[in-house]
Amino acid sequence: MAKILLVEDNETMRNMLARRLARKGYEVLVACDGREGVAVASRENPALILMDLSLPGMDGWTASKQIKAGQTTRHIPIIALTAHAMRGDREKALEAGCDDYEIKPVDFPRLLSRMDSYINSGAVT
Amino acid sequence: MIYQLRNERRTTHTLLDQYGKQLARQTERDRWRSTLTSAREAAVIAEMKRSSFAAANRTKSEFLANMSHELRTPLAAIIGHGEMMREEMEEEGDNNYLSDLEIIESSSRHLLELIDDILDLSKIEAGKVDIEAGTFALAELVHDVTPVAQPLMAKKNNRLTVNCPADAGTMRTDATKVRQALLNLLSNAAKFTENGHVELDIGRESEDGTDWVLFRVSDTGIGMSPQQMGRAFQEFTQADASTTRKYGGTGLGLTITRHLCRMMGGEIVAKSELGKGSTFTITLPADIGAVVPEEWSATVQDSVPV
């Protein structure tokens with residue numbers, strides 16, 4: 001099953017999402033901030049990244065930009081997890097190179113189908 | 001001597017007279033001055049009151065915006081864990097607490113909806129909502145809105161018809177806000193109609209040299225009495241107290257929608273009859289630049305065309 005990376009600083013949310021994704025058969029790697037996210041992405045080459053945006057230290061926008069600028073990581077689809085409350089989050093996420101965004105709290109079935117379509121379209125090309 | 005005295009008296013009289021006149025002028029001036037001063041003071045006080053009221057209102061709205069964000073985080077954890085427990089129980093065939101978990105989930109989703117609406121409203125009131133004007137095709141807007149509205153219709157077995165003429169053309173305004181306003185109206189229509197019909201009509205009109213775009217959302221639902229209609233756009237007011245229990249919603253949707261319409265230089269009107277359905281019509285200038293919005297938001301920026 002596909003290996004994915006979840007970048008999320010909130011421990012409760014990270015554990016919850018990781019557990020649900022693992023139950024759906026994904027191998028879930030986790031990172032707590034942007035810097036760790038970039039490092040894990042280039043080391044593990046996951047099939048997809050779920051990126052929270054407001055992270056301590058290096059935020060999700062910067063991390064996405066770096067991943068999309070990296071030779072070995074630019075092909076990895078990134079779905080940003082945005083908080084509704086933050087104005088302009090989505091636009092900024094797409095500008096930073098994220099392929100898509102989901103608003104938190106995530107609609108899990110929809111997230112799964114988005115992930116599936118990115119991972120499978122990636123597998124074909 | 002007499003002459004001298006007389007002369008002096010005259011002088012004294014003249015002096016007294018002059019002095020008296022001067023005194024009168026002085027008093028008049030003083031009166032004016034004090035009137036002016038008090039008017040000026042009153043103006044200053046009024047300005048201070050106005051600006052401190054505006055500041056207080058801004059502070060309140062900013063507080064609400066921050067609070068809403070803080071409230072969402074734990075709520076997201078409640079919703080997520082509720083869903084996770086339900087998923088795991090379903091997989092394990094344990095049905096004992098499913099209905100209880102569903103209540104936790106639907107109540108927390110309702111709370112989330114309320115927080116989102118309060119946040120939207122507080123941002124509008126704080127003047128923190130920018131208008132991003134862009135040119136887009138109406139057909140494209142309808143194409144965006146319909147798939148989002150469709151599942152809402154299915155919940156109560158309603159049929160949605162969309163009438164967008166082929167020559168509907170384009171408009172230049174904030175597409176995101178038009179979409180939000182339309183979805184608010186469509187979700188209301190879906191909520192208050194059962195086994196019925198919801199229709200979205202799009203049209204154009206020209207008046208006094210200005211082009212207007214009309215969006216009409218009509219339903220065959222429960223409708224409103226004249227009194228209920230009078231309250232429809234007020235914050236936290238639904239038809240009556242039982243409405244929220246029975247139909248859900250926050251009572252903020254129409255207030256927000258009206259704010260959005262006015263921000264874009266338009267208006268929304270309602271027509272309804274109890275038991276016979278409701279019609280909401282949004283009228284917006286086809287070009288936001290053509291009309292000075294009644295409710296001016298922070299800024300109007302030109303965005304990249306959609």
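Letters go in sequence order (proteins before strands), and every chain restarts at 1.
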Around [X], counting heavy atoms of other residues, nucleotides and ligands shown, do more than 12 lie under 6.0 Å from its [atom1]?
| X | atom1 | answer |
| --- | --- | --- |
| A:R14 | CZ | yes |
| B:K155 | NZ | no |
| A:K65 | NZ | no |
| B:H143 | NE2 | no |
| A:Y26 | OH | yes |
| B:R109 | CZ | yes |

Ion pair A:R23/B:E92, N-O distance below 4.0 Å: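 Yes, this pair counts.
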query = Is the shortest distance from a Lys or Arg side-chain nitrogen in B:E87 or A:R20 to a carboxylate oxygen in the other one below 4.0 Å?
reply = yes
Legend entry - B:H81 vs A:T12 side-chain heavy atoms within contact, under 4.5 Å: yes
Honestly, the part of B:I115 sitting under 4.5 Å from a heavy atom of chain A is neither
If one checks every heavy atom of B:E91 against chain A at 4.5 Å, the contacting part turns out to be side chain
Mind checking the [atom1]-[atom2] spacing from [X] to [Y]? Nearest 0.5 Å is all I need.
| X | Y | atom1 | atom2 | value |
| --- | --- | --- | --- | --- |
| B:E83 | A:M16 | CD | CE | 7.5 Å |
| B:I79 | A:D107 | CD1 | CG | 11.0 Å |
| B:R72 | A:I103 | CZ | CD1 | 8.0 Å |

